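Data block below; observations after.
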Amino acid sequence: MMNRRQFLQLGLLTSASPTLSAAEFLPQSVTFLGGGKFHQIVAKAVAENWAALPMGMRVAQFGQALLGTKYVAWALEIDDRIESPSVNFSGLDCWTFFEIALGLARMLGKRQRDYSPSDLLRQIEWTRYRGGVCRGHYLNRIHYLDEWFTDNAARGNIRAVTREVGPVVRLKERANDEMSLNPKLYRYLRTNPALVPAMRQIEAGLERVPFDFIPKQQIAACEPRIQSGDIIGIVTHRAHVFCSHVGLAVRAQDGVCRFMHASLTHKKVIVDRSIHDYLAGIQSHAGIVVGRPL
């Protein structure tokens, strides 16, 4: 059984500085959509000094600024061959929603005179790509949420707090090969089938990393230990993948810890029910993992 340190030593992760310019391999006319909304949100955040908020509260604040944004599936599949950090404020899926909220919060923490699309794209690159580096290749991107947690925790972007939040169980005898099994669903893999064996090799490495989660029956008792802005990965009972959805925790004025996410059902970003009620309402949901932004 491979532990985290051994996984990192496989060379799947590399180091990089988050202060470098974004690696932009496609024009911003493709990679940065909805620029007007970006500038509107950032202007409000600067005027109200969101940078002074604790990191988790800042992430939640940006998440709420994205409420009502329409749901768009496959938001990361933007080209046939070239990979580049991207943002779309006009349409979000579950992954791009939490990533953009986190990226905005990290960007604002730098307290610059002004902020450009490239500033946000660099933050997206730093968390979206293995080791924080995009070299224009599809396989540079982290495609599975369990690896996103491992990679970003190892580099100090989040703290994995699942065990602090509640009792965990280990996921066993589960393949993590949804992408290589269904390459025609993914634009880059469909266009470039030669990438599939390398994707399967990455998946095989992930399958050997121990994966613990909080069962959904335990979540109601655990919710007081979840904080606004925590990243909530939804663990699934479905075969061939560990996590099937992701969003943010937000504690509402009534004190209830709710699940904020880009919802396929509601076709937009919403603040949903309490986390435990949300999981209880969907049979395929098995539990959660929790990451705390730093």
Side-chain angles (χ1 to χ4, degrees), residues 1-10 12-13 55-56 59-60 94-95 98-99 102 127 130 142-178 202-251 255-261 272-294:
M1 186 70 71
M2 187 166 55
N3 60 33
R4 178 181 295 171
R5 177 173 295 177
Q6 291 169 326
F7 179 64
L8 300 182
Q9 290 173 342
L10 281 177
L12 294 176
L13 305 180
M55 184 59 170
V59 172
C94 65
W95 189 298
F98 95 84
E99 264 194 335
L102 175 63
T127 59
R130 196 168 294 111
I142 299 169
H143 296 278
Y144 287 88
L145 191 66
D146 46 297
E147 185 184 3
W148 190 95
F149 270 68
T150 299
D151 182 287
N152 280 276
R155 293 187 290 116
N157 297 330
I158 65 167
R159 185 158 60 90
V161 296
T162 305
R163 287 181 171 275
E164 299 174 26
V165 168
V168 300
V169 297
R170 179 152 296 177
L171 192 65
K172 296 181 179 179
E173 299 178 355
R174 171 81 61 82
N176 204 18
D177 58 355
E178 183 177 63
I202 291 172
E203 293 169 338
L206 297 177
E207 290 169 352
R208 293 192 291 271
V209 178
F211 183 79
D212 298 329
F213 69 98
I214 304 169
K216 66 180 179 182
Q217 296 83 357
Q218 304 288 339
I219 293 171
C222 299
E223 279 178 359
R225 292 185 288 278
I226 297 175
Q227 298 179 9
S228 281
D230 283 353
I231 300 162
I232 307 297
I234 306 297
V235 182
T236 183
H237 286 300
R238 286 170 35 202
H240 303 291
V241 67
F242 295 173
C243 296
S244 59
H245 193 41
V246 62
L248 298 172
V250 58
R251 198 167 292 282
V256 175
C257 190
R258 300 182 186 275
F259 187 56
M260 180 167 52
H261 62 127
D272 214 313
R273 296 163 286 173
S274 68
I275 296 173
H276 74 272
D277 278 340
Y278 170 77
L279 266 77
I282 300 178
Q283 188 174 5
S284 63
H285 289 348
I288 63 172
V289 290
V290 186
R292 186 155 295 157
L294 298 175

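Just so we're clear, the structure is a prediction, and the values are computed from it rather than from any experiment.
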Interatomic spacing from [atom1] in [X] to [atom2] in [Y] - rounded to 0.5 Å:
X: Cys243; Y: Phe211; atom1: SG; atom2: CZ; value: 3.5 Å
X: Glu147; Y: Leu206; atom1: CD; atom2: CG; value: 4.5 Å
X: Leu102; Y: Ile231; atom1: CG; atom2: CD1; value: 5.0 Å
X: Arg258; Y: Ile275; atom1: CZ; atom2: CD1; value: 10.5 Å
X: Phe242; Y: Asn176; atom1: CZ; atom2: CG; value: 4.0 Å
X: Asp230; Y: Arg292; atom1: CG; atom2: CZ; value: 4.0 Å

Between the main-chain N or O of [Y] and the side-chain N or O of [X], is there a donor-acceptor pair closer than 3.5 Å?
X: Glu223; Y: His276; value: yes
X: Thr162; Y: Val290; value: yes
X: Tyr144; Y: Glu178; value: yes

Val168 vs Phe213, test: side-chain contact (heavy atoms from CB on, under 4.5 Å). Steps then yes/no.
CA-CA 5 Å; Val168 300; Phe213 69 98; 6.0 Å; no

Do the non-hydrogen side-chain atoms of [X] and [Y] ever get within less than 4.5 Å of each other?
X: Ile232; Y: Ile226; answer: yes
X: Arg251; Y: Ser228; answer: yes
X: Phe98; Y: Trp148; answer: yes
X: Asp151; Y: Arg130; answer: yes
X: Pro167; Y: Cys222; answer: yes
X: Arg174; Y: Thr236; answer: yes
X: Asp212; Y: Arg170; answer: yes

Can you see which heavy atom on [X] is nearest to which on [Y], and at what distance?
X: His240; Y: Asp177; result: ND1-OD1, 2.7 Å
X: Gly233; Y: Leu145; result: CA-CD2, 3.5 Å
X: Ala249; Y: Cys257; result: CB-SG, 4.0 Å

Run the side-chain donor-acceptor check on residues 277-289: report pairs under 3.5 Å with partners two or more places apart or on a different chain.
unit_1	atom_1	unit_2	atom_2	d
Asp277	OD2	Ser274	OG	3.1
Tyr278	OH	His285	NE2	3.4

For atom CZ of Arg225, decide whether the heavy atoms of other residues, nucleotides or ligands shown that lie under 6.0 angstrom number more than 12.
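Counting neighbours around CZ of Arg225, more than 12 heavy atoms of other residues, nucleotides or ligands fall under 6.0 Å, so yes.
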
